[in-house]
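Working notes for the structure below.
Each chain gets a letter, A, B and so on, in the order its sequence line appears, and its residues count up from 1.
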Protein chains: 2
Amino acid sequence: MATTQTTKEKVKQTAQKLFRERGYAAVGMRELAKEVGIQAPSLYNHYKSKDDLLREICFDMAQYFFVAFDKAVTTEEKSPRKLKAVIKAHISVIATNLEASEVFFNEWMFLEQPHLGKFKKLRFEYEMKFREIIDKGIKKGDFKKMNSKLIAFAIFSALNATYELYRSNEKLSQEEIAEDISDLLLKGLKS
Amino acid sequence: MATTQTTKEKVKQTAQKLFRERGYAAVGMRELAKEVGIQAPSLYNHYKSKDDLLREICFDMAQYFFVAFDKAVTTEEKSPRKLKAVIKAHISVIATNLEASEVFFNEWMFLEQPHLGKFKKLRFEYEMKFREIIDKGIKKGDFKKMNSKLIAFAIFSALNATYELYRSNEKLSQEEIAEDISDLLLKGLKS
DNA sequence: GCCATAAGCTAACGGTTGTTAGCAAAAGAA
DNA sequence: TTCTTTTGCTAACAACCGTTAGCTTATGGC
């Protein structure tokens, strides 16, 4: 990076890395501090608490997802293309925030109240935005008549695990992943 | 339950419940013991360590998946039906071991060596069994020519998240879930 | 130069962690 | 019965937890 990094940024980035690698509960403040290159109490000059750190990571990610979705949803009209657009947007957010994404997906449960409740609400709203596209597509006849909750859920599962793909040996481009997964979901595996 | 439960069984079951609810690292031995109704040191009459408990939960589940797969894979011949059969088997294992499944999927990373390595190897082997069915299906022309690694991965993601469905409000039967998900994956969403 | 703020440090707090030692009671086998 | 094994208990250890207090040093604005 050409841009120099503030200590606060370094703390956040290091926390993302460690929380992802070993889980929020298993990472201590002293360990985090050591990785950053400062002493543990100095962390509190930048974040109020360990939970505060997790909160920032998770809610920043939530915002990225919402912004990307809203931007994508307006670009297309027909249901299949619209769905493909938001799938691409979703995958793109994951790809550009790989470590934070994993924290977002796997460690949010360690958020304390009231942030935990707020987070769940946001997540539900986001899922409903996806589901709405599917429901409208079914109503318009663009999609088969299926249990939309179940389908939306399956799509989500596939998308939210894409971060694992980026970590695998084979180098797959973001385009390739988005293209193949939306193809699979729209047209199916059968020839 | 009509069958009386040994203390060891109760420890395991309670551990599954707590590990799932709050994560392996966040659950203490004293808390686990309290839930079981004994003192913390008494746990060590049944399990050598906290890791030992996690190990048993994870490796038992691994075995269930392997057994169910091998049983299912022989029942069908044609690729799409074979894939559907193993999908059903996989979902069935999850459905009958709901809490242990979540621990299996989300907490395995806390296994210590050498069990962690062994676990990863088992998981990879299992994924390859799935992928093999897909590859053969592609070769025989039953499936579209697609990036099989990516596809196998997407299928897995959808399957492995089904435990969330059972926890949702709407009551969905195992049959319904297996049927709809394999339909989606085989035929796609598009009408 | 002066002052305020930011950002680091050491020492230490009360509490919790997984685990062991050592002992007692219960259960089962002979 | 007597012996062994199992299963429980209390007490405790060393290590670690997130966090605070209080102090020093560097930084940036005026």
Side-chain angles (χ1 to χ4, degrees), chain A residues 3-59 103 106-116 119, chain B residues 3-59 103 106-116 119:
Chain A
T3 60
T4 47
Q5 214 180 190
T6 69
T7 306
K8 180 164 185 173
E9 284 164 352
K10 194 170 182 184
V11 168
K12 188 183 174 189
Q13 186 191 292
T14 310
Q16 285 169 353
K17 183 184 137 221
L18 292 180
F19 290 169
R20 180 198 73 78
E21 282 174 358
R22 320 226 322 280
Y24 175 80
V27 174
M29 294 301 266
R30 285 165 182 82
E31 181 190 5
L32 169 58
K34 192 170 192 176
E35 194 91 358
V36 173
I38 59 178
Q39 295 295 319
S42 299
L43 292 170
Y44 292 82
N45 287 324
H46 306 286
Y47 289 94
K48 278 185 298 184
S49 63
K50 194 185 179 188
D51 177 66
D52 190 36
L53 236 175
L54 181 63
R55 211 204 67 241
E56 188 172 301
I57 295 171
C58 289
F59 280 80
V103 176
N106 301 322
E107 312 297 326
W108 61 267
M109 46 150 50
F110 295 104
L111 284 169
E112 293 166 16
Q113 294 293 10
H115 313 301
L116 179 60
F119 182 89
Chain B
T3 62
T4 46
Q5 213 179 192
T6 68
T7 306
K8 180 164 185 173
E9 286 163 350
K10 192 170 182 183
V11 168
K12 187 183 174 189
Q13 185 191 291
T14 309
Q16 286 169 352
K17 183 184 137 220
L18 292 179
F19 290 169
R20 181 198 73 77
E21 281 174 358
R22 320 228 322 280
Y24 175 79
V27 174
M29 295 300 267
R30 285 165 182 83
E31 182 189 3
L32 170 58
K34 192 169 192 177
E35 195 90 358
V36 174
I38 60 178
Q39 295 295 320
S42 299
L43 292 170
Y44 291 83
N45 288 323
H46 306 285
Y47 290 93
K48 278 185 298 185
S49 63
K50 193 186 178 187
D51 178 67
D52 190 36
L53 235 176
L54 181 63
R55 210 203 69 240
E56 188 172 300
I57 295 171
C58 288
F59 281 79
V103 176
N106 301 323
E107 312 296 326
W108 60 268
M109 45 148 53
F110 296 104
L111 284 169
E112 293 167 17
Q113 294 292 9
H115 312 302
L116 179 59
F119 181 89

Spacing between [X] atom [atom1] and [N] atom [atom2], to the nearest angstrom:
| X | N | atom1 | atom2 | result |
| --- | --- | --- | --- | --- |
| B/R30 | C/dT20 | CZ | P | 13 Å |
| A/K8 | C/dT5 | NZ | P | 18 Å |
| A/Y47 | D/dT19 | OH | C1' | 18 Å |
| A/L43 | C/dC9 | CG | C1' | 13 Å |
| A/L32 | D/dT19 | CG | P | 12 Å |
| A/K50 | D/dC16 | NZ | P | 15 Å |
| B/E112 | C/dT17 | CD | P | 17 Å |
| A/Y44 | D/dT19 | OH | C1' | 5 Å |

Practice problem: Answer with base, sugar-phosphate or nothing: what part of the nucleic acid does B/V27 contact at a heavy-atom distance below 4.0 Å? | Solution: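 Contact class for B/V27: sugar-phosphate only.
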Exercise. Looking at every strand, decide which applies to A/V36 at a 4.0 Å heavy-atom threshold: base, sugar-phosphate, or nothing.
Key: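 Counting heavy atoms under 4.0 Å across all strands, no contact is made by A/V36.
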Quiz item: How are the rings of B/F59 and B/F119 set relative to one another: parallel (under 30°), tilted (30 to 60°) or perpendicular (over 60°)?
Solution: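 Correct class here is perpendicular.
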Quiz item: Which atom names give the shortest non-hydrogen contact between B/L32 and B/L18, and what distance separates them?
Solution: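 So the two residues come closest at CA-CD1, 3.8 Å.
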Exercise. Of all the heavy-atom pairs spanning A/I38 and A/S42, show the shortest one and how long it is.
Key: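 So the two residues come closest at CD1-CB, 3.8 Å.
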Quiz prompt | Pairwise side-chain contact, B/R20 with B/Q16, heavy-atom cut-off 4.5 Å (strictly under) | solution =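 No; the side chains remain at least 4.5 Å from each other.
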Self-check item: Non-hydrogen side-chain atoms of A/L116 and A/F110 separated by less than 4.5 Å
Solution: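 The answer is no, as the side chains (C-beta and beyond) never meet within the 4.5 Å cut-off.
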Please list, for nucleotides 6-9 of chain D, all pairs of protein and nucleotide N/O atoms separated by less than 3.5 Å.
unit_1: D/dG8; atom_1: OP1; unit_2: B/T7; atom_2: OG1; d: 3.1
unit_1: D/dG8; atom_1: OP2; unit_2: B/H46; atom_2: NE2; d: 2.4
unit_1: D/dG8; atom_1: N7; unit_2: B/N45; atom_2: ND2; d: 2.6
unit_1: D/dC9; atom_1: OP2; unit_2: B/Q39; atom_2: N; d: 2.7
unit_1: D/dC9; atom_1: OP2; unit_2: B/S42; atom_2: OG; d: 2.7

Self-check item: Residue among B/K17, B/R22, B/K10 satisfying salt bridge (Lys or Arg N to Asp or Glu O under 4.0 Å) with B/E35
Solution: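 The passing option is B/K17.
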